[in-house]
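Quick caveat, the model's predicted, so the values are computed rather than measured. A note on names: the letters A, B, ... follow the listed sequences, proteins ahead of strands, and every chain is numbered from 1. Side chains are part of it too, since the values below use all heavy atoms of this structure and drop only hydrogens, waters and symmetry mates.
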Amino acid sequence: MADYNIPAELMEALKGKFSGIEIMENGDVIVPAADLMAFMTEIKENPDTAMDFLTNLTASDYKDRLETVYNLVSITHGYTLTVKVKLEDKENPQVPSLCPLWDGASWQERETYDLMGIVFTGYPGHPTRILLDDNFKGHPLRKDYQWEGGREA
Amino acid sequence: MKTETYTLNLGPQHPSTHGVFRIILELDGETVVKATPVPGYLHRGIEKLAEARTYTQVIPYTDRMDYMAAMLMNWGYVAAVEKLMDIEVPERAEYVRVIVGELSRIASHMIATGAYGGDIGALTAFTYTFRDREYVLDLLEMVSGSRMTFSYFRIGGVAADLPEEFFPAVRKFLGELPAMCDEYDGLITGNEIFQARTKQVGIITPEMGINYSLSGPTLRGSGVNYDLRKVRPYGIYDRFDFDVPLGQNGDCFDRFRIRIDEMRQCKRIIEQALDQIPEGPIMAKVPKVIKPPVGDAYAEVESSKGVYGCYVVSDGSPKPYRVHFRRPSYINLGYLGKLCEGWKIADVIAILGSIDIVLGEVDC
Amino acid sequence: MGENIFVGIATWLRGLLSGAGVPDMWNDTILLVVKLVAILLFILVNALWLVYMERRVCAFMQSRLGPIHVGPKGLFQTAADIGKLLGKEIILPKGADLLVFLLMPVVIFIPPLLIFGVLPFGKNMVAIDMNIGVFYLLAIASLSTIIFWAAGWASNNKYSLVGGMRSVAQMVSYELPLILALLGVIMITGTLNLNTIVDSQKSIWFVFTQPIAFLVYLIAGMAETNRTPFCLVEGESEIIAGPYTEYSGMGFAMFFLAEYANVMIISAMCTVMFLGGWLAPFGLDFIPSWLWFFLKMYLMIFVFMWVRWTYPRIRVDQLMGFGWKVLVPLALANIFVTGVGMYIFRAIGWWS
Amino acid sequence: MFGQGLIKGLQITWGRMFDKKQTVKYPFEKIEMFPRYHGRFELDVDKCIACGLCANACPNKVIQLEKEKVDKKQFLTKYIMRIEYCLFCGLCVEACNKDALKFSNIIDMNQYRRSWVRLTLVDRPAPEPTETPEEETPAKEAKSEAAAGQAPGKEG
């Protein structure tokens, strides 16, 4: 399997620009929520990386934190990059919206908000529910979500 | 002349929304002023269900997403778990995967082609493609035992080896496939009325396509050469020689035509795979109870609708901690609202059909 | 032998009535009523048969068999369907104009009934031999527009409304090329009497002398009957069923049957105006004239079905553009050419 | 352009009119299913050791089985499949070590009532522990057959 990670020297340059980021062994990048917008703008606009395609946007609920995951692809260079943002505040998780950079983030952010309850600040308007009913209570993909009902025994 | 707009609720019960899907149209006469797509009528919470199942038990649920190309849906999930566990899939299993996956893609594109003809009004095309799709389903039934929701892939390989009678049958089908494609071309693609309806309608520029994270034939119709099988070959796709059909204008016609061309390319891939397929095991050495190490993995495959990705998080237990599916139909649909503005009601149907959605996948 | 079978029945009935001492005036009236009832029955039975034929033709073109279970070769399928539809509840939409809503499926049958009265089905086989047959026919045929529109309006449904509006736009636009196409024939024959028009095709059918008019008529006729590629009024993939969206059970079936009655009229008119009506081609006189008429009519109907199950649907703005920018100028050009041709032919004495 | 495509289309549909038809007159003629077809479930009671692997493998908890211990061996008394929830994925058949649970080629599993859909493959009382199994097994077999036959949903 070929490697499609961003070359190490480019990652070093990024690390130099954004001191807050943390680069994992497998090439994933953990970005603080405050730096996310600047980081994403940098890797999208910089012609060396040119991460122009936001493939996937999702979130995961861990015991101590929520984590948003962004999978980016550069169509020009063929690089892939996974960016993660850790959100310690589980009660009121907030992360900057990527809608100004990619319109494709819009529906994915709505889905993440709907199922995981992460609020994307800067989303045009407030993100609304997309898959569930507007009057639905709770965010079902959270681990503490309890649902009563189901089929009869 | 001053006119008032009115709201038309297209769906959730509508013949050509390809399922239960709603578009709220604000119309000025017949012209769309604003279109708001409303998905979610088929949401079954597969991602949540998966958290209560073991890794193998999730596979049948992935079938239910894009039930038109269920093999490819299996593949994406299985690939992610294999990536997480670092499993090397045996050669023969990889070839079997390619063969059944491409057959599934043909079946899916046949539906897309026929259903699009049906959307535009040519109902005969619809029955022709469904008739021919039955041959593909026969082949896949021979292999997996089911006609639509196959659950054929397993983590580390496939459920069963290809039966003996499969090989002559698939060769026979591939021999007939070009004639089938020619028939669709003659009946639909070449038709002047069809061209008038679809050419220069619903144009997606390459920039907008990338910006909206579109993928699959929807993006390639705009001329962006982004096919995972070529760009980042997964499995053994780097061993095959095939072309990626591209459109020029990014209109409905290009998106439609690409699917027929892709069927022809699928034929090439399957033929090469049939020639090269080695003997050997079809399952890797995988423990009975699958317990991936703690961590996460994201794997992508090129499904018939676009880039199908699967994000799996493991906490070391036999059940996945979190599964997320990147469904191509869902993300392709995100552009629909913008795309429909300024077109007629009939064009909304044409544009929606050209994106080729499956609601099981959109709502997951 | 079978040539005068219907004429014979009429004479026999007349004789029977005068034998029974019925005065002549009543005699005529009774005969007229009998003729009209026969025509109504004819339309209904034919429409049923056409629904069956459409389903079979469609199925055969789609590599299927179609209805095969009810009756021999599924022949009674439509009758069974009608039976089922009669048993269905008629759902009345909220806020609908009930009077109009319920009246329209019945009224829809009036124009076909009126028209069939003047069509010559065979030699001496016309219920009412009218001098201004063509004019009457066109005038009545355009009535159905308002019925579709009223049905759409009364349903209180936006799909129905869009469909009704489309039907008005489409039918009014395509009426013009339809009439202009017939004008060429009328110029040549110099009469509006349908019988005379048929008679004047003895030497050559007008489809050969007026090919452009025939083509324009065929296309405009497809549009008039709302059939693919011009089935925008129903447009099932866009606006569900247009004006019929809210109709259920027999109400829907009535519209459905009326559509086939309209197809019959357009085909019959085509037969009369262009295909030589009941005239037998190649001197095949042993087949009765009325059979020839039906053969030609069904040929035309088959063409309509063939086209329907092959082509996709056109868009509403393209429909209007095609009608006004292509068909109308074409029909006008045809009239011009016909006029010039008639003048030249007369001048050189080929045609009196 | 200019109508060539239109005429081509008419040719294709005309050609198809006289082609071989695809319709299978279903209740009167049936297509042979492939050997691997996922049809109705069949359980070979003799082979079954009531281990419950199939029930564990099922993603949707379709299989319910009850067993009793008779002479140190597990004896299967009840085996119910709630087909209304079944995904027909085949994981249960794959999980079966003893080759007892299998797919058949029977496709008509439709019922008039939802409650009839449930498939009772085994429903029999456990044998008395003191009796010797050699003499009793055939009689019990016949009984179990009869019981299964009476149970709703046995026959399509």
Tell me which of these, C:V307, C:V57, C:T310, C:I68, has more heavy-atom pairs under 4.5 Å with chain D than the rest.
C:T310
Can you tell me if [atom1] on [X] sees more than 12 non-hydrogen neighbours from other groups inside 6.0 Å?
X      : atom1 : value
D:K61  : NZ    : no
C:F336 : CZ    : no
D:E29  : CD    : yes
C:L86  : CG    : yes
D:Y112 : OH    : no

Write down the atom of [X], the atom of [Y], and the distance for their closest heavy-atom approach.
X      : Y     : value
D:M17  : C:M61 : CG-CG, 3.3 Å
C:W306 : D:T13 : NE1-OG1, 3.2 Å
C:L65  : D:T23 : N-OG1, 2.9 Å
C:S63  : D:K20 : CB-O, 4.3 Å

Against chain C, label D:K25 side chain, backbone, both or neither, depending on which of its atoms sit under 4.5 Å from a heavy atom there.
side chain
Taking C-beta and beyond as the side chain, do C:F60 and D:D19 meet within less than 4.5 Å on heavy atoms?
no
Mind telling me whether C:H69 and D:F28 have parallel, tilted or perpendicular rings, with 30° and 60° as the class edges?
tilted
From C:R64 atom CZ to D:K21 atom NZ, the distance as rounded to the nearest 0.5 Å
10.5 Å
